[in-house]
Amino acid sequence: MNFWAVLVAAVAAFVLSGAWYAGFGKQLARLSPAYTGEGRSPAVTAVVEIVRNLVLALVVAGLTMFVDIGGWTDAVLLAGAVWIGFPVMILTGSVFHEKVPAKLAAIHAGDWLIKLLAVTLIVGLWR
């Protein structure tokens, strides 16, 4: 496992996710009270998100080794499979069982898609 690739992937996921949510700020505030008013401190949020993305990158790096990614198409297919199998299923359940607005779940699903694509491509191809 290339730990530099894991670190780069975690930082890339952090940056992409931050940009994604910044672009949806107004919609998020309309869809959930969690996005209105004062949130947690930016420093604490940054640390938590870097750690979360580091764990994601480590897990995906392990998966890419296990399935022996052979190129960018394999990496994209793995990212898509993981995206459908985990975040999409969890978010679908939250819409169905917890009445989370579908638009809010779609925003989160998009974030997970770009994160998983970036992470899987970086750790899958930079081994």
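Between Leu56 atom CG and Leu116 atom CG the span is 5.5 Å, to the nearest 0.5 Å. To the nearest 0.5 Å, atom CH2 of residue Trp83 and atom CD1 of residue Ile114 are 11.5 Å apart. To the nearest 0.5 Å, the span separating CZ on Phe24 from CD1 on Ile107 amounts to 5.5 Å. In this structure, OG1 in Thr120 is found 5.0 Å from CG in Leu78, a value given to the nearest 0.5 Å. Atom CD1 of Ile122 and atom CZ of Arg127 lie 14.5 Å apart (nearest 0.5 Å). With rounding to the nearest 0.5 angstrom, the CG atom of Leu117 is 4.5 Å from the CG atom of Leu113.
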Handout entry: CA sep, side-chain torsions, deciding dist, call: Leu54, Phe14, side chain to side chain contact (heavy atoms under 4.5 Å, CB included)
Key = CA-CA 9 Å; Leu54 187 58; Phe14 174 77; over 6 Å; no

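No side-chain heavy atom of Trp112 sits under 4.5 Å from any side-chain heavy atom of Ile90. Within the 4.5 Å cutoff, no side-chain heavy atoms of Thr45 are placed close to those of Pro42.
Using cut-offs of 30° and 60° on the angle between ring planes, the pair Tyr21 and His108 is tilted.
If you chain together hydrophobic residues whose side chains sit under 4.5 Å apart, Leu77 and Phe86 never meet in one group. Cluster annotation: Leu7 is not connected to Val55 through the hydrophobic network of ILVMFWY side chains, with a link wherever side-chain heavy atoms come within less than 4.5 Å. A continuous path of Ile, Leu, Val, Met, Phe, Trp and Tyr side chains, each step under 4.5 Å between heavy atoms, connects Leu58 with Val67, placing both in one hydrophobic cluster. Linking Ile, Leu, Val, Met, Phe, Trp and Tyr whenever their side-chain heavy atoms come within less than 4.5 Å leaves Met1 and Trp4 in two separate clusters. Side-chain heavy atoms closer than 4.5 Å link hydrophobic residues (I, L, V, M, F, W, Y) into clusters, and following such links, possibly through other members, connects Phe3 to Leu121.
For the residue pair Asn53 and Ala13, the shortest heavy atom distance occurs at OD1-CB, 3.4 Å. The minimum heavy-atom distance linking Val6 with Ala61 is given by the pair CG2-CB, 3.8 Å. Across all their heavy atoms, Pro101 and Val95 have their closest contact at O-CG2, 4.3 Å. Ala10 and Ala57 get closest at one heavy-atom pair: N-CB, 4.1 Å. Pairing each heavy atom of Ser17 with each of Lys115, the nearest pair is OG-NZ, 3.9 Å. Of all heavy-atom pairs spanning Ser32 and Leu104, the tightest one is CB-CD2, 3.9 Å.
With Thr92 contributing its side chain and Val88 its backbone, the two residues share a donor-acceptor pair below 3.5 Å.
Heavy atoms from other residues, nucleotides or ligands lying under 6.0 Å from CH2 of Trp72 number 12 at most.
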